[in-house]
Every structure is written in C-alpha cells, then in structure tokens.
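Heavy-atom basis, side chains included; hydrogens, waters and symmetry copies ignored. Note that the structure is predicted; figures quoted are calculated from it, not measured.
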Amino acid sequence: MIRSDIASGAAGADGKLPSEMKLAERYRVNRHTVRSAIASLEQEGVLRSEQGRGTFVRRRKRLSYPITRRTRFSAGLGNQAGSTSTRMLESHEEPASETVADALGISAGDPAIRLETISDADGVPVSRATSWFDATRFADIRKTFEEHASITRALASCGVRDYMRRSTVVEARHASAEDIELLGLSAGAIVLVTRAINVDAEGKPVHYSETRFAADRVELKIDNDDQTAPTSARSDKGPLEPGRHRP
C-alpha cells in the first residue's frame, strides 16, 4: 500500500511521508504493521528515515536499460554504473518444454541447458535471469560461463562470435518470493519481465531467456530507430503499448 502511494505521488514535495499514525489510520492497520512495511522499503532502498525528521522517499534515478538488436548487460548500462557483474546461481540439463523448444528451434523433450544468473550494478542486484541453450550445440556453455561470467563471452567461446535479438516480449508482474529474496525486494514489489530470443548470424536461435528486472531500479528503453528485430510489450492484463515495436 505504501509502495502504491509513493508511485501515485502521496509523498510531499520534499519526499516526506505522512507520520506512522496517519498512515496507520489511512490503511486501517496498526502502527506496528506500518513500521514493518517502512523497514522493508528502507532495506530495499525505496525509503530512508532521518532521526527527528521522519521518513522520506529516496529520489534515486533508475538505470535505463536499452532493448536493441544487440542487447548486452554491461554495455547497455554504459557509464550509468561504476561496475557491473553477472554470476551463476545454478545450472541444470533438462528436457526442453514446448515453450523453450519452440524458442530454440528444437523438439520438445530434447536436452536443454538452463542457467540461473543474477546481475548487479554497483553491488546492487538489478536483475535475475533464466537462460536456456540447446544442449547438443552448446554442451560446454556452463563451463564457459563459469570461466567468463558473461553470456556473450560464453557464446563466443562456443563459436558464436556475434548474435542479435530476434524478439523481446515485456511484461510487468508482482515479484515472486524468489525474486524478493534474490533481488532484495519487499512484498508487493513489481518486476519487469523480458522474454527474449537471440539468434546467430544465420538466424538460428542460440539463446532464450526470461529476465526479471527490479522495476524500482531499472527502466527498459525500447530503441524504435532500429528496424531489424521486432519487440512487443504487454502486461498480465493486456498490452502495455499498442502494436509491435522494433528494438
């Protein structure tokens, strides 16, 4: 509730929230509930408390992450962050689901390698991703990712020197319990979800991914000037933007 009020501009011009008592009255809950919610949002970095002054919204600019033909995490953030890193949480080989198989151009049930990764900017987690690869073509992808901590470099080590974004679908949804834990979010947080297919120079799919971005920390910027790879955007309740866009 507090998060929604912040988004709707409930804070004062100086970013100050109403007192805990007023918030408790507004939401018809006790002050302990309000205090716990504020503490969670402070931990997430959305709010800050000043002794004797009250609680304020952090006026922190979100990172702008471009969706283009050659979307790359570190390059995409450019000079917005002093440092970026991606690390692997886990990896598995599993039968490809129909969705994964269709994205990778293989048959359902064929072996696929799934990588779970998380990416930081200046030490703050901004996204977590699930990536799938054709296990027959990219049998060493887990090893090469562990060596390079980069999907781009891992694919290059497997013979894919360059790849392009064929399509991206963008959704907005509430963070799952796992998103909340790994991204350091609080209950009710929103994540922006991109489902993307990358292809090699011959147009063959090499990488299918689902990435969850912390919406309070990152905004997605679709490059409409690039006329090559189609991108669409929608929410759980329908299109966020009409039509299709080319990243």
Side-chain angles (χ1 to χ4, degrees), residues 62-94 96 100 103-106 111-170 178-179 182-184 191-214 217-223 226 228-229 231 247:
R62 290 181 295 176
L63 298 169
S64 181
Y65 187 75
I67 304 296
T68 68
R69 285 186 65 200
R70 286 182 170 82
T71 297
R72 309 288 191 267
F73 178 70
S74 297
L77 293 184
N79 60 5
Q80 299 177 75
S83 64
T84 59
S85 65
T86 299
R87 65 185 186 277
M88 185 163 64
L89 301 174
E90 59 180 293
S91 65
H92 301 279
E93 182 173 314
E94 61 189 22
V100 171
L104 294 179
I106 58 179
I113 294 174
R114 172 169 57 88
L115 302 185
E116 300 286 349
T117 59
I118 189 163
S119 297
D120 298 348
D122 292 331
V124 178
V126 294
S127 67
R128 60 178 294 245
T130 304
S131 298
W132 289 271
F133 306 85
D134 178 356
T136 301
R137 182 179 180 186
F138 299 108
D140 294 330
I141 195 71
R142 288 177 288 189
K143 178 181 176 182
T144 55
F145 182 86
E146 288 176 342
E147 292 174 354
H148 301 290
S150 162
I151 294 293
T152 300
R153 294 192 183 97
L155 284 171
S157 293
C158 293
V160 180
R161 300 299 176 184
D162 191 20
Y163 61 88
M164 293 174 289
R165 182 64 58 91
R166 187 174 79 183
S167 65
T168 308
V169 175
V170 182
E178 195 171 17
D179 291 332
L182 292 173
L183 294 175
V191 290
L192 301 176
V193 184
T194 64
R195 294 186 178 88
I197 300 174
N198 290 312
V199 298
D200 62 17
E202 297 178 353
K204 296 179 179 179
V206 296
H207 176 211
Y208 173 57
S209 65
E210 179 185 292
T211 306
R212 283 77 80 198
F213 294 88
R217 301 169 191 167
V218 179
E219 64 179 15
L220 302 179
K221 180 181 179 182
I222 297 175
D223 184 357
D226 192 323
T228 302
T231 298

All heavy atoms of Asp120 vs all of Pro125, minimum pair found to be OD1-CA, 3.2 Å
Measure the shortest side-chain to side-chain distance between Arg114 and Ser91 over non-hydrogen atoms and say whether it is less than 4.5 angstrom.
no
Please report the C-alpha distance between Thr117 and Glu90 in whole Å, then the side-chain angles of each, then the deciding distance to 0.1 Å, and finally whether the side chain to side chain contact (heavy atoms under 4.5 Å, CB included) criterion is met.
CA-CA 7 Å; Thr117 59; Glu90 59 180 293; over 6 Å; no
Which heavy atom of Phe138 sits nearest a heavy atom of Cys158, and at what distance?
CD2-CB, 3.7 Å
Is there side-chain contact between Arg165 and Arg70, with at least one heavy-atom pair below 4.5 Å?
no
What's the verdict on side chain to side chain contact (heavy atoms under 4.5 Å, CB included) for Val199 and Arg166, showing C-alpha distance, side-chain angles and the deciding distance?
CA-CA 6 Å; Val199 298; Arg166 187 174 79 183; 3.9 Å; yes
Might you point out which heavy atoms bring Gly123 and Ser83 nearest each other, and give the distance in Å?
N-OG, 4.5 Å
For the residue pair Phe213 and Leu183, establish whether any side-chain heavy-atom pair is separated by less than 4.5 Å.
no
Between Ile197 and His207, is any pair of side-chain heavy atoms under 4.5 Å apart?
no
So, Ser209 and Ser131: side-chain donor and acceptor under 3.5 Å apart, yes or no?
no
Residue pair Ile113 / His92, side-chain heavy-atom distance below 4.5 Å:
no
Counting C-beta onward and ignoring hydrogens, is there a side-chain heavy-atom pair between Thr211 and Arg195 closer than 4.5 Å?
no
Looking only at heavy atoms, which two atoms of Pro111 and Asp134 are closest? And how far apart?
O-OD1, 4.0 Å
Quick one: do Tyr163 and Arg72 satisfy side chain to side chain contact (heavy atoms under 4.5 Å, CB included)? Show the steps, please.
CA-CA 10 Å; Tyr163 61 88; Arg72 309 288 191 267; 3.2 Å; yes
Taking only Lys NZ, Arg NE, NH1 and NH2, and the carboxylate oxygens of Asp or Glu, determine whether Glu178 and Arg128 approach each other closer than 4.0 Å.
yes
Would you kindly say whether Thr71 and Tyr65 are connected by a side-chain donor-acceptor distance under 3.5 Å?
no
Could you report the tightest heavy-atom contact between Leu104 and Tyr208, atom names first, then the distance?
CD2-N, 3.7 Å
Heavy-atom closest pair, residues Asp122 and Gly82
OD1-N, 2.7 Å
Are Ile151 and Asn198 packed together at the side-chain level, in the sense that at least one heavy-atom pair is separated by less than 4.5 angstrom?
no
Can Arg161 and Asp200 be counted as an ion pair, charged N to O under 4.0 angstrom?
no
Working to the nearest 0.5 angstrom, can you tell me the gap between Arg69 CZ and Asp162 CG?
8.5 Å
Is Ser157 close to Phe145 at the side-chain level, that is, under 4.5 Å between some pair of heavy atoms?
no
Verdict with supporting geometry, Glu219 and Leu63, side chain to side chain contact (heavy atoms under 4.5 Å, CB included):
CA-CA 6 Å; Glu219 64 179 15; Leu63 298 169; over 6 Å; no
Side chain to side chain donor-acceptor pair (under 3.5 Å) with Gln80: which residues, sequence neighbours excluded?
none
Would you say CZ of Arg153 has more than 12 non-hydrogen atoms from neighbouring residues, nucleotides or ligands within 6.0 angstrom?
no
Output for pair (Ser127 OG, Leu77 CG), nearest 0.5 Å, gives 8.5 Å
Are Ser119 and Thr86 close enough, and set up right, to give a side-chain hydrogen bond (donor to acceptor under 3.5 Å, both in side chains), and what steps lead you there?
CA-CA 4 Å; Ser119 297; Thr86 299; 2.8 Å; yes
Just by distance, no angles: are the side chains of Arg212 and Thr194 close enough, under 3.5 Å, to form a donor-acceptor pair?
no
Assess, by modelled atom type and distance only, whether the side chains of Trp132 and Glu210 contain a donor and an acceptor separated by less than 3.5 Å.
no
